[in-house]
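Order of the sequence lines fixes the chain letters, A, B, ..., with proteins taken first and strands second; residue numbering starts at 1 for each chain.
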Amino acid sequence: MRAPGSGPGCGQGRDAVRLIGPIGTTASKQPPPARPVTANYPVTNSPVVPLATRRQIGRALLRWYKEHQRDLPWRKSGDPYAVWVSEIMLQQTRVESVREYYRRWMLAFPSLDLLAAASEQDVLRRWQGLGYYSRARNLHRAAQMVVAEWGGKLPKLPKELQRLPGIGPYSAGAIASIAFRQDVPIVDGNVVRVLCRLFALDTDPTRAPLKNTLWEIAESLIVKGQAGAFNQALMELGALVCTPQKPRCSDCPLSRVCEAHRLNRTASLPALPKAAAVTRVRNIAVVATRRSRVLVVQRPQDARRWPSMWEFPNMDVLTKTQIPSTINKLLAPLGLEIQDRKALMSFHHAVTRYRIEVEAFAATKISGKLRPRSAARWVHPDDLEELPMPAAQRRIARALEKSDL
DNA sequence: AACGCGTGGGT
DNA sequence: TACCCAAGCGT
């Protein structure tokens, strides 16, 4: 996607030229322009919405938003840091999942400076369970950069914001428009869905040229001076009304001008690519116990998944694996050996495109001594709560609290 | 440009 | 059960 705000004001000088549907039927016979009016954008055959229709959409959307917007905590304060935190948490994550994390995060790190001063373990601990942990690490790192390079104040321009780790085109546009009142567009999954349906755009919106076109259209629709509200209105409509399945067209303020609705094509738009195929995996985890303490290992800082987080020794295995030898393989590198084991629990969960069957075993009668300076530690079960752990590992840890070991 | 990164909830 | 995801980003 193009960086928001990288082009000139989109509305200016743009004539209504080509329409996709009955919106502005008066102009629909006119031919497309020889080249795009906005030269900074890649050449596309994008539909250009006539000014009258753009105004109509903007007004209708803002009116609807005023009445139907959800009461969300990050909409209360005008603090750019609060907006930033919420936008990062909301990346690929549902509002309902974010609410509680956001609340606790703002209690733990009420300001950008306090976040910058926090330890990475503390940051990961507050984020654990929310997923996509690089978001937390990037947010932390970016806060330190803002302190060092911007005097502790977030920059206002999308281009500047995008230099911070974790802030891409969408988040830069969101922060700039919502927190700093800049008239810049955003395109997220909701906006993609709403615009693809509104104008019946049926090519893949995740790839050029439609990807770029959507930024153009989003920019052209902005109600000047109210980009923050308008952008949120567009997303809110996508979240509450123009939903992926069973859109509530009868409640939609734009249904009268919506091409997908008119053509009865809402179900097939947007034309997203198929999701990656699921791979099944089995995972063996060991809870080694000695003198009321359990063994946990910290993942390396440069691990692809869950870097710096803690877990019980575990590994993915082929379906035919022998359990005793697997457990031995897990503990031997740490200098430990076990005589006895029993099944503790088993469950499945999903990680990105993997479907994982986890089998946890309890190991007792441990012999050998933990290698010094290995990333492993014996901890009391009550202290597991302090360590950032991936969700599946946390699930094992919680089961431990309830049992007597 | 395509792929990997998490998780819990809805249908 | 088996998908489909949800306010994207980094590489």
ask   = Which pair of heavy atoms, one from Gly58(A) and one from Val223(A), lies closest together, and at what distance?
value =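 Nearest heavy atoms, Gly58(A) then Val223(A): CA-CG2, 3.7 Å.
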
ask   = In Å and rounded to the nearest 0.5 Å, what is the CD to CG distance from Glu386(A) to Asp122(A)?
value =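 Answer for the CD-CG pair, Glu386(A) versus Asp122(A), is 9.0 Å.
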
Take atom [atom1] of [X] and atom [atom2] of [N], then tell me their distance rounded to the nearest Å.
X: Arg163(A); N: dC9(C); atom1: CZ; atom2: P; result: 16 Å
X: Glu87(A); N: dG8(C); atom1: CD; atom2: P; result: 9 Å
X: Met389(A); N: dG6(B); atom1: CE; atom2: C1'; result: 16 Å
X: Glu236(A); N: dA6(C); atom1: CD; atom2: P; result: 15 Å
X: Leu90(A); N: dG6(B); atom1: CG; atom2: C1'; result: 15 Å
X: Tyr354(A); N: dC3(B); atom1: OH; atom2: C1'; result: 10 Å
X: Trp306(A); N: dG4(B); atom1: CH2; atom2: P; result: 14 Å
X: Tyr132(A); N: dC3(B); atom1: OH; atom2: P; result: 15 Å

key: Members of residues 98-110 of chain A that approach DNA chain C, where some heavy atom sits under 4.0 Å away   =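 Result for residues 98-110 of chain A: none.
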
key: Nucleic acid contacts of residues 63-83 of chain A, taken as heavy-atom distances under 4.0 Å to DNA chain C   =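 Residues of residues 63-83 of chain A that come under 4.0 Å of DNA chain C are, in numerical order, Arg70(A), Leu72(A), Trp74(A), Arg75(A).
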
key: Contact check, side chains of Arg135(A) and Thr93(A), non-hydrogen atoms, under 4.5 Å   =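 They are in contact (side-chain heavy atoms under 4.5 Å apart), so the answer is yes.
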
Under 4.0 Å: is that the gap between some side-chain N or O of [X] and OP1 or OP2 of [N]?
X: Arg207(A); N: dA2(B); value: yes
X: Tyr133(A); N: dT7(B); value: yes
X: Gln91(A); N: dG8(C); value: no
X: Trp127(A); N: dT7(B); value: no

Remember a base hit wins even if backbone is also touched, and classify [X] as base, sugar-phosphate or nothing at under 4.0 Å, heavy atoms.
X: Ser86(A); answer: nothing
X: Gly129(A); answer: sugar-phosphate
X: Leu130(A); answer: base

request  = Check the pair Arg103(A), Met106(A) against side chain to side chain contact (heavy atoms under 4.5 Å, CB included), reporting the backbone distance first and the verdict last.
outcome  = CA-CA 5 Å; Arg103(A) 192 185 67 77; Met106(A) 295 305 282; over 6 Å; no

request  = Start with the C-alpha gap between Trp74(A) and Glu87(A), add the side-chain angles, then the distance that decides, and say whether side chain to side chain contact (heavy atoms under 4.5 Å, CB included) holds.
outcome  = CA-CA 9 Å; Trp74(A) 46 89; Glu87(A) 288 303 336; 5.8 Å; no

query = Of the nucleotides dG8(C), dG6(B), dG4(B), which has the atom closest to the Arg135(A) side chain?
reply =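 Ranking dG8(C), dG6(B), dG4(B) by closest atom to the Arg135(A) side chain puts dG6(B) first.
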
ask   = Is a donor-acceptor pair below 3.5 Å formed from side chain Thr93(A) to base dG6(B), judging by atom type as modelled?
value =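 Flag set: donor-acceptor pair detected.
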
Does atom [atom1] of [X] have more than 12 heavy-atom neighbours, drawn from other residues, nucleotides or ligands, at distances under 6.0 Å?
X: Arg99(A); atom1: CZ; result: yes
X: Glu357(A); atom1: CD; result: yes
X: Asp382(A); atom1: CG; result: yes

ask   = Who pairs with Arg104(A) by side chain to side chain donor-acceptor pair (under 3.5 Å), at least two apart in sequence or on another chain?
value =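 Testing Arg104(A) for side chain to side chain donor-acceptor pair (under 3.5 Å), a comparison that skips the adjacent residues, returns none.
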
query = Can you tell me how far P in dT11(C) sits from the matching atom in dG6(B), rounded to whole Å?
reply =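 It works out to 14 Å between them.
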
Which residues share a side-chain contact (heavy atoms from CB on, under 4.5 Å) with Pro324(A), sequence neighbours left out =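 Pro324(A): side-chain contact (heavy atoms from CB on, under 4.5 Å) contacts with Gln322(A), Arg341(A).
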
key: Contacts of type ring pair (Phe, Tyr, Trp, His ring centres under 6.0 Å), residue Phe109(A), not counting sequence neighbours   =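 If we apply the ring pair (Phe, Tyr, Trp, His ring centres under 6.0 Å) test to Phe109(A), skipping adjacent residues, the hits are Trp105(A).
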
Check: protein-nucleotides 1-5 of chain C nitrogen or oxygen pairs below 3.5 Å:
residue : atom : partner  : partner atom : Å
dC5(C)  : O2   : Arg94(A) : NH1          : 3.4

query = Mapping Ala208(A) and Ala392(A) onto DNA chain B by nearest heavy atom, which one lands closer to the 5' end?
reply =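 Result of the comparison: Ala208(A).
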
ask   = Between the side chains of Trp310(A) and Gln121(A), is a donor N or O closer than 3.5 angstrom to an acceptor N or O?
value =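 Trp310(A) vs Gln121(A): donor-acceptor pair found between side chains.
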
query = Between Arg395(A) and Phe347(A), is NZ or CZ placed under 6.0 angstrom from the six-membered ring centre and within 45° of the ring axis?
reply =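 Yes - Arg395(A) lies over the ring of Phe347(A), closer than 6.0 Å to its centre and within 45° of its axis.
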
